[in-house]
There are 2 protein chains.
Amino acid sequence: MALRGTNQEFGRPYNRRIVLETIRLEAPIARGDIASRVGLTVQTVSTIIRELEQNGFVTGSRDAPKGRGLPRTSLMLNPEGGFAIGLHVTPIGIGAALVNLAGDIVGSRYHAFAPVTPERSFAIFETLIAEMRALRPDARMLGIGVAMPGPNDVESMSFVGPTTLEGWKGVDVGGRLTATTGLPAFVGTEPSAAALGERLYGKGRDLNSFYYLYVGVGFGGAMVHGGSVLLGAHGNAGEIGHIPIVPDGDLCPCGNRGCLERYVSLEALDRRLKAVDPGAEVERALEDHPAIVDEWIAETAPVLRRAIATIENLFDPEGIVISGFASEALLRRLFAATEPLMHSVAERSGRTSPRLLLSTEGKDAVMRGSAALAISGVLSPRFGLLFAGEEERTDRDPIMTGPAKKEVAA
Amino acid sequence: MALRGTNQEFGRPYNRRIVLETIRLEAPIARGDIASRVGLTVQTVSTIIRELEQNGFVTGSRDAPKGRGLPRTSLMLNPEGGFAIGLHVTPIGIGAALVNLAGDIVGSRYHAFAPVTPERSFAIFETLIAEMRALRPDARMLGIGVAMPGPNDVESMSFVGPTTLEGWKGVDVGGRLTATTGLPAFVGTEPSAAALGERLYGKGRDLNSFYYLYVGVGFGGAMVHGGSVLLGAHGNAGEIGHIPIVPDGDLCPCGNRGCLERYVSLEALDRRLKAVDPGAEVERALEDHPAIVDEWIAETAPVLRRAIATIENLFDPEGIVISGFASEALLRRLFAATEPLMHSVAERSGRTSPRLLLSTEGKDAVMRGSAALAISGVLSPRFGLLFAGEEERTDRDPIMTGPAKKEVAA
DNA sequence: AATATATAAATCCATTTGACTGAATAAATC
DNA sequence: GATTTATTCAGTCAAATGGATTTATATATT
């Protein structure tokens, strides 16, 4: 855990992040409001804002006067203040996107190929990264984020079975990318990256804590608490696809029986489709084989409901966000099938917010999310950590370094 | 979440806590070692230690010389530096204990009565608290911690059924205790309090993250991560007793079917015993009805195993600690019945530590733990928070106030 | 219409807190 | 006496604070 003390040089960057994060979440907002919100004085916030403006992270605009007094200057993130490249590695290809500070996808590319071996992938990484960089050649590039299927380094289920990648065990993806590009690189699992994206730019903006469900080829999840994604001791928290949900159920490649992923996942649907029509594709399942989808939904709904009750009782989140690589139409079907929800601690007396939310971010979520892995280095409030349990980054504070830097009050 | 900025006056208490926590975990330890560990200079640590010594939290002793140079002064927590009263409310009585900074139970008392209504309980609280205070009349009393069965404020399952308390809905336990005693009072659920005790004084000292399972009348749990107990959005995280583990299983008072607690809990064993012998008692189950216990263990083992795999895949902890109100012998039986463990992300390639640990702290865990709720106000490293998600305590820093205070460099 | 006052937002400046750097001191061994 | 190690003393510096000041607008008064 390595508890660290604080000192003045540590405190300033921390306050910078707090202020920047507040602007991100509450924009447009004025200096005074930030001050009262974060518990600093207006003067302090003012000097921090000056730094942030000079470095291009924040822009301000004089409001229209209403009431007496000097009209406030509303501050907001400068979307062009920084960019990150998000990479999404799947068993059937690699996606890349250039994402700005506001989470907008400036441009993206997808390269389909198989098998996705490390050597071929690294070559494609380089091409994709160069392409993305070319979209904003002179901008401040904050880093690269890579989302990969989990879990990491687990004997029985790493990179085995249809939902995982083969041949990647022990490959230092982050290290190699940093070496070839000179940019800081961060690697995360698909669901944790997507959850981070959701927390920064999606439904998670309004939720202090939420559980994120990611229906992909497999089925993943991530708990977001206090702004951080909980990764667990070894980054494998959220392997919800492998919770044993049906006693003595289907055999799973992980060695257990009745894993959630065997029922609720695109791979599970695909298996059903292929059994009837070997040429069927999950993407077109609703159009081509609606009856099979109906059957699948009906049979998996109780399984999904039990999974949801399990999450609610174990994590007590403010809400559960359902999202994923699946098509929006299919997600909506799954979402609707969760009703009626089971009883759980989520049934609070004064509850107003919904227990379940559907994220329509769709497939962009992962790419945005993986870029967010890098962007979080700038935007994270807690000493640079958006992932609880992650090693503390000892790099210099990225906010005040980088190409876009103009001279700060020398 | 309310992000807060930091400043020097905020930084000093934080550093004090970091130093104190380091001493607690690593004692005996010298100033220099603390400095390099927490990243502060020796001088800064020195001044902090001086304060802590003057306030009686820490004592130092000159080591025996070995090698040349001035022998180091080893520092350790002064167990008598502070005390807290732990209260444990159960459906059949109330326990109280006086606990010192080192987590030692200085004295304890149990008052059996039923039904445990709020009015009778508050009267008994007062007697017990007075008794505990009398054990160290002049010592610094840090506060009162109360452990109660969960969950809080949930429509369908609050205070209903054999494992819960009735008539306590909406009762402000902490507020009333503070009002009558003048001491800060903290209320937590049984498992979260016990988990905190385990983290401060038990197996949790060596684990950065662990899941804590508490076999009580019901079945509870708590995730400890980075030194904090994760409470969830409303303090109800860890209602593991109500995860639906058997599809279409036994009906539970919560309204669902097949809840874990219906199988693995003292209440479940009790039901089995009473069905055969209405006068049977769980405490004497192993002696009086070994066959029934065998049968219960055999039938619940697969259920427990699935629960363990679920926890491992959802939280990825370093380990799972099994503990509880149950007798040590019974816990050992349950513990042994978890083998063979199912596959999960816990099966890491280089794994050396056990996946499951048995805590022999026994029934003291809860009382120590509830006292720890109050003690954590002093020992918590993160700005006074040992519970992630808890409201920030705006009280003055308890370390430097209180009866034992001698004049600090006026 | 012209002027004065009230209010709100943001900035300037002296003060204070607290951690840091470097020198000094104390207690041991060589 | 020289060297080594642990700890303390003295001065420096970064950064947040409180109070006064400046700027821009609205409203009241003459």
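So that the names make sense, note that chain A is the first sequence line, chain B the second, and so on, each numbered from 1. Any value given below was found using the heavy atoms of this structure, including those in side chains, with hydrogens, waters and symmetry copies removed.
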Answer for the Watson-Crick or wobble partner of C:dG22, both distances under 3.5 Å, is D:dC9
Distance in angstrom units between [X] [atom1] and [N] [atom2], rounded:
X: A:I49; N: C:dA9; atom1: CD1; atom2: P; value: 15 Å
X: B:L75; N: D:dT8; atom1: CG; atom2: P; value: 9 Å
X: A:I48; N: D:dA15; atom1: CD1; atom2: C1'; value: 9 Å
X: B:E51; N: C:dG18; atom1: CD; atom2: P; value: 8 Å
X: A:Y14; N: D:dA15; atom1: OH; atom2: P; value: 16 Å
X: A:R72; N: D:dA26; atom1: CZ; atom2: P; value: 15 Å
X: B:R31; N: D:dT7; atom1: CZ; atom2: C1'; value: 7 Å
X: A:R16; N: D:dA14; atom1: CZ; atom2: C1'; value: 12 Å

Assign each of A:V42 and A:P71 the nucleotide of DNA chain D bearing its closest heavy atom; nearer the 5' end lies the nucleotide of A:V42
By nearest-heavy-atom nucleotide on DNA chain D, the more 5' of A:T47 and A:L70 is A:T47
Check this one for me: any side-chain N or O of [X] less than 4.0 Å away from OP1 or OP2 of [N]?
X: A:R50; N: C:dC12; result: yes
X: A:T44; N: D:dT17; result: yes
X: A:T41; N: D:dG18; result: no
X: B:N15; N: C:dA19; result: yes

**Report entry** 4.5 Å side-chain heavy-atom contact, B:T73 and B:I49
**Finding:** no
* Asked: Passes side chain to side chain contact (heavy atoms under 4.5 Å, CB included), A:F83 versus A:N100? Steps please.
  -> CA-CA 4 Å; A:F83 296 85; A:N100 69 18; 3.5 Å; yes
Between A:T59 and A:E53, the two heavy atoms sitting closest are C-OE2, 4.3 Å
Partner of A:I23 under side-chain contact (heavy atoms from CB on, under 4.5 Å), picked from A:N78, A:V58, A:I18, is A:V58
Original post:
Can you find a donor-acceptor N/O pair under 3.5 angstrom joining the side chain of B:Q43 to the base of C:dG22?
Top reply: yes
Between A:E21 and A:R24 (salt bridge meaning N to carboxylate O under 4.0 Å), is one present in this structure?
yes
